[in-house]
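Read the numbers this way: they start at 1 and go in the same order the structure lists the ligands and their atoms.
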Amino acid sequence: MHFKDIQRVPGDPILGLIEAYANDTNPAKFDLGVGVYKDSQGLTTIPRAVKLAEQRLADTQLTKTYIGGHGEPRFGALLSEMVLGTDSPLLAARRVGATQTPGGTGALRLVGEFIAQCLPGKGIWLSDPTWPIHESIFNKVGLKVSHYPYVGADNRLNIEGMLDTLRQVPEGDVVLLHACCHNPTGFDLSHEQWQQVLEIVRSRNLLPLIDFAYQGFGDGLEQDAWAVRLFAAALPELLITSSCSKNFGLYRERTGALIVTAGDAEKLADVRSQLANIARNLWSNPPDHGAAVVAEILGDAELKSLWVEEVEEMRQRIAQLRIGLVEALTPLGLGERFAHIARQRGMFSYTGISDEQVARLRHEHSVYMVNAGRANIAGIDASRLDQLAQAIAAVCKG
Ligand code: LMR
């Protein structure tokens with residue numbers, strides 16, 4: 001038998017929760033697992049701007065032929081503007097190229113292969129902790145993966161530890177930074193701290209890779225791009241992975257891009273030739289539908305302003321849920337202990353709840369969250385905040 005030596009591996013710790021939650025028959029269950037936004041009805045609906053764009057595409061799209069290795073140029077140009085700012089001098093200087101990818105994860109895989117093949121000997125540095133898929137993707141492509149401290153056992157941002165370690169990173173290595181809404185912790189850097197990171201990156205000649213999966217979910221679409229734009233303006237070369245999964249609600253359509261800035265248009269063409277070659281061997285052509293929807297929205301003033309409103313609605317709802325959860329925990333004597341939840345940004349919170357408590361929350365209260373106490377705040381049902389707070393109190397105090 002050919003398959004006889006194949007062993008079973010454990011399921012994905014985040015995606016596995018989708019099934020476990022679905023199979024739980026308790027009607028009072030809570031889904032704080034996978035990073036998916038839910039509205040006040042508990043539904044992950046399709047944004048209205050996306051629906052309208054899809055209708056337009058259904059009426060006007062004439063072909064489903066291949067779109068080429070870098071994807072649809074209009075999508076790449078519009079997304080680059082969204083990320084770097086419409087007035088970015090880099091765009092005018094033709095120093096920016098976007099390669100459409102199957103989601104932000106596809107962009108990460110593409111950039112991992114690119115580093116492994118085109119920057120031989122260079123390692124990559126990830127925050128500790130980081131999104132688990134960062135670890136596995138860069139390990140699978142054969143890169144040397146190292147870590148800089150980010151959030152310690154005291155559940156606080158360890159900026160001094162981060163800066164100290166970055167000062168020791170070998171020249172030329174790649175440093176992965178989260179643009180905003182850090183996954184899994186929700187702790188973001190201040191502007192001043194970003195400046196400090198930039199100074200080290202510049203003086204040690206490091207290559208930043210900025211993962212930008214939650215634009216619009218932190219402080220706003222423009223505000224969240226602050227660090228990306230700071231780095232793009234200050235450094236000749238930059239790698240950015242951008243995702244449209246959350247802010248456009250396009251999760252399963254797998255829509256994202258790897259955006260590269262290079263010293264000049266000629267060098268950019270060299271880099272892009274390599275990316276096209278790698279992409280051809282990974283997925284040949286990227287999927288089109290989600291990117292076509294995004295291009296339709298960003299390229300149309302009316303659809304764009306509707307979408308901007310919808311992203312803002314989602315952002316504000318998450319911010320209110322953060323405050324609401326802390327308020328619900330306060331009468332239970334836990335307000336101070338969990339005050340950081342209101343200060344964190346984006347979908348996720350490192351709550352400080354231990355693995356053992358996460359297991360008890362799941363088994364005794366049907367509250368599903370990822371290990372290390374990561375809660376998807378965007379999945380909370382606002383009408384049951386008190387019930388959630390009581391469940392947390394039961395495992396944290398008992
Ligand atoms: C998450 O971290 O929950 C999301 O980014 C979804 C995923 O693919 O893991």
Side-chain angles (χ1 to χ4, degrees), residues 9-22 29-39 42-44 46 101-112 126-140 150-151 176-188 209-218 224 240-258 283 286-287 290 311 314-315 317-318 321-322 341 344-351 353 355 358 361-362 367-380:
V9 294
D12 183 85
I14 298 178
L15 298 186
L17 289 178
I18 297 176
E19 207 182 325
Y21 176 79
K29 59 191 176 178
F30 281 95
D31 180 9
L32 314 186
V34 63
V36 167
Y37 175 86
K38 294 191 184 182
D39 65 14
L43 300 172
T44 305
I46 302 170
T101 55
T105 311
L108 287 162
R109 181 69 193 221
L110 178 64
V111 82
L126 309 178
S127 64
D128 176 20
T130 195
W131 186 45
I133 304 306
H134 286 152
E135 309 277 356
S136 57
I137 283 184
F138 297 116
N139 272 309
K140 276 185 200 296
Y150 194 75
V151 168
L176 189 147
L177 301 160
H178 299 227
C180 67
C181 310
H182 184 270
N183 182 3
T185 69
F187 287 106
D188 284 346
L209 161 56
I210 305 190
D211 193 4
F212 201 9
Y214 301 94
Q215 186 171 2
F217 274 27
D224 290 348
I240 306 157
T241 48
S242 166
S243 168
C244 304
S245 295
K246 326 280 165 163
N247 49 13
F248 286 88
L250 282 166
Y251 308 89
R252 66 171 69 161
E253 297 296 352
R254 312 312 299 136
T255 311
L258 171 62
W283 46 71
V311 180
M314 292 193 273
R315 188 187 77 76
R317 185 179 134 74
I318 299 170
L321 283 168
R322 287 184 173 281
I341 294 177
Q344 292 161 330
R345 285 284 177 279
M347 301 180 103
F348 304 116
S349 170
Y350 239 29
T351 55
I353 295 174
D355 284 355
V358 167
L361 275 170
R362 177 170 165 182
V367 175
Y368 288 77
M369 61 170 85
V370 178
N371 268 354
R374 190 196 85 166
N376 173 28
I377 301 293
I380 296 179

Problem set entry | Close-contact set for ligand 1 against Lys246 heavy atoms, below 4.0 Å | 4 (C), 5 (O), 6 (C)
For this session: With heavy atoms of Val34 as the reference, note each atom of ligand 1 found under 4.0 Å away.
Result: 3 (O), 6 (C)
Seminar exercise, completed: Between Lys246 and Tyr251 the two heavy atoms that sit nearest each other are CD-CE2, 3.7 Å
Exercise. Under a 4.0 Å heavy-atom limit, does Asn183 contact ligand 1 with its side chain, its backbone, both, or neither?
Worked result: side chain
Exercise. Which atoms of ligand 1 have any heavy atom of Phe348 under 4.0 Å away?
Worked result: 1 (C), 2 (O), 3 (O)
Exercise. Which one holds for Ile14 and ligand 1: side chain close, backbone close, both close, or neither close, with close meaning a heavy atom under 4.0 Å?
Worked result: side chain
Exercise. When you look at Leu110 and Trp283, which way does the side chain to side chain contact (heavy atoms under 4.5 Å, CB included) test go after all the steps?
Worked result: CA-CA 10 Å; Leu110 178 64; Trp283 46 71; 3.9 Å; yes
For this session: Establish, from distance only, whether the side-chain atoms of Thr130 and His178 form a donor-acceptor pair under 3.5 Å.
Result: yes
Exercise. Between Tyr214 and ligand 1, which part of the residue brings a heavy atom under 4.0 Å of the ligand: side chain, backbone, both or neither?
Worked result: side chain
Seminar exercise, completed: closest protein heavy atom to atom 9 (O) of ligand 1 is Trp131 NE1, 3.2 Å
For this session: Report the relative orientation of the aromatic rings in Trp131 and His134; use parallel for angles under 30°, tilted for 30 to 60°, perpendicular for over 60°.
Result: perpendicular
For this session: Please confirm whether Lys29 makes a cation-pi placement over Tyr21, using NZ or CZ under 6.0 Å from the six-membered ring centre and within 45° of the ring normal.
Result: yes
Seminar exercise, completed: What one should report as the nearest heavy-atom pair of Phe348 and Pro184 is CB-O, 3.6 Å
Problem set entry | Test item, Tyr251 contacting ligand 1 (heavy atom, 4.0 angstrom) | no
For this session: Check whether any side-chain N or O of Tyr37 sits under 3.5 Å from a backbone N or O of Ile318 as a donor-acceptor pair, and report yes or no.
Result: no
Exercise. With atoms numbered from 1 as shown, which atoms in ligand 1 lie under 4.0 angstrom from a non-hydrogen atom of Arg374?
Worked result: 1 (C), 2 (O), 3 (O)
Exercise. Between Gly33, Gly35, Ser245, Ala213, which one has a non-hydrogen atom sitting closest to atom 3 (O) of ligand 1?
Worked result: Gly35
